[in-house]
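Take a look at the structure set out below.
Order of appearance sets the numbers: ligands from 1, and atoms from 1 within every ligand.
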Amino acid sequence: MNRAKARGIAVAASVYDRHMTTQLAMFNPFLPSFLADPYPHYAALRAQDPVHRSLALQVWVVTSFAESEAVLRDADTYSSDLRVATSPLAQALNQQRNASPLGHVATVLNSDPPTHTRLRSLVNRAFTPRTVEALRARIETVTGELLDAVPAGGPFDVMTALAQPLPVIVIAELLGIPAGDRARFKRWSDEIAATTRPMVPQAGIEAARRATTELIAYLEPVITRLRAQPEDDLLSALVQAEESGERLSHEELLAFAILLLVAGNETTTNLIGNAMLALLRNPQELEALRGEPELLPRAIEEALRFDSPVQTLIRFARRPGRLGERTIQAGESVLIALGAANRDPARFVEPERLNVRIERERHLAFGLGPHFCLGAPLARLEAEIVLGALLERWPSLSLAGEPARGGTFTLRGLDSLPVAG
Ligand code: HEM
């Protein structure tokens, strides 16, 4: 065993000792203590059983960095297509998906090569650094307007004032949705995104189906208009995206627009909230950042690692394979705990500490390999603008109450973050 790994096990074991002395490590993400703070649970699992079989959830749970990386890099063995999974739970999810509008359509997120390669190269063409950079001025303006609306002097909630509204406005802008339609767009977006939560009630599934149908009805005539008369927005670029004569089909285009809502909203909201909370709870780091604002991009990467907005990804084994010391059978599901991998002491020095100065190894908060987050540059840009503006306008910002935790074990975030300054 190498020294880093030995040190990792020692650190994780001491965290484990403090928190759950005699029990064998288990994966129960529905425990309130898990939602409040999953990291001691992850440390225990990583130390005892880094590729862990959860019988209750019918998945393998991977908490070590090396094995998480191995799964994400090997898209041939570890598929993103739910239809590969054989467990009754996965099959029920698959049926649920097929019953939703456009549920059967392949998107970048749920497909494997070669379909993934074709779709990704088409959307990559529209989602360029130029498209993202072109949004900088708009994001700054919208952030400024949202901050202007914050009552002077008193405490305010970072989540409702800024972190929740901004990402949906930005995606609406990206898709060319006029400002007057934003409220409807936000409602559709929230209802559709709610189905990414585990154990969604039937009423939620139906609300999401209605929202998707309404959104499709809204987008259809927009797309028809843009086909005839392209404008300078992402939807027009997608309509035009061509590769060796191939375009995105009409259904693929709609499914992609909807995917952007699901993939880009709550995640970015949670990055802004989690990053701000981590800084407020580590005043030394906040001060370091105030002293050297050029550390901001690094601070955002550190916050992504330290309290990852996307905590888990799922893959399905196409064929049997070894993972760490375990054998995964074809058809089995593998949950990659990004939040755990991002605190693996075998990869990161002092992983349980937020450190905005240190140059870290690459984290997994945006995934890795062929499915690496398409929106990473946009999410980074939004976080940079928002955190920069908050620190500039409030030179002595501090917590003004206990934040309320929202989110789920997959999407980690806050419902409220009261601050004053
Ligand atoms: C902090 C914010 C964000 C985080 C933490 C995040 C995280 C991730 C992760 C972990 C994946 C990999 C999924 C997988 O491998 O199965 C992913 C994929 C993706 N993300 Fe993000 N994301 C964020 C923001 C955004 C934004 C703003 C957009 C778009 C507007 C976006 C669009 C996408 C898309 C389209 C994919 C699928 C890419 C593919 O499968 O090829 N994300 N994201």
Sequence neighbours left out, cut at 3.5 Å: what donor-acceptor pairs do the side chains of residues 376-387 make with other protein atoms?
from, atom 1, to, atom 2, distance (Å)
Arg380, NE, Glu301, OE2, 2.7
Arg380, NH2, Glu301, OE1, 3.1

* Could you check Glu231 against Arg225 for salt bridge (Lys or Arg N to Asp or Glu O under 4.0 Å), going step by step and ending with a plain yes or no? => CA-CA 10 Å; Glu231 289 175 18; Arg225 176 167 54 76; 3.0 Å; yes
* For the pair Phe409 and Phe34, name the ring-plane relationship: parallel under 30°, tilted 30 to 60°, perpendicular over 60°. => perpendicular
* Asked: Where does the angle between the aromatic ring planes of His363 and Phe366 fall among parallel (under 30°), tilted (30 to 60°) and perpendicular (over 60°)?
  -> tilted
* Asked: Under 6.0 Å from the six-membered ring centre of Tyr42 and within 45° of its axis: does the NZ or CZ of Arg343 meet both?
  -> no
* Structure fact -> The reported gap from CG in Leu286 to CG in Leu397 (rounded to nearest 0.5 angstrom) is 7.5 Å
Less than 3.5 Å apart, N/O on ligand 1 and N/O on the protein: could you list those pairs with the distances?
from, atom 1, to, atom 2, distance (Å)
ligand 1, 15 (O), Arg315, NH2, 2.7
ligand 1, 16 (O), Arg315, NH1, 3.0
ligand 1, 16 (O), Arg315, NH2, 3.4
ligand 1, 40 (O), Val108, O, 3.1
ligand 1, 40 (O), His371, ND1, 2.6
ligand 1, 41 (O), His116, NE2, 2.7
ligand 1, 41 (O), Arg120, NH1, 2.7
ligand 1, 42 (N), Ala263, O, 3.4

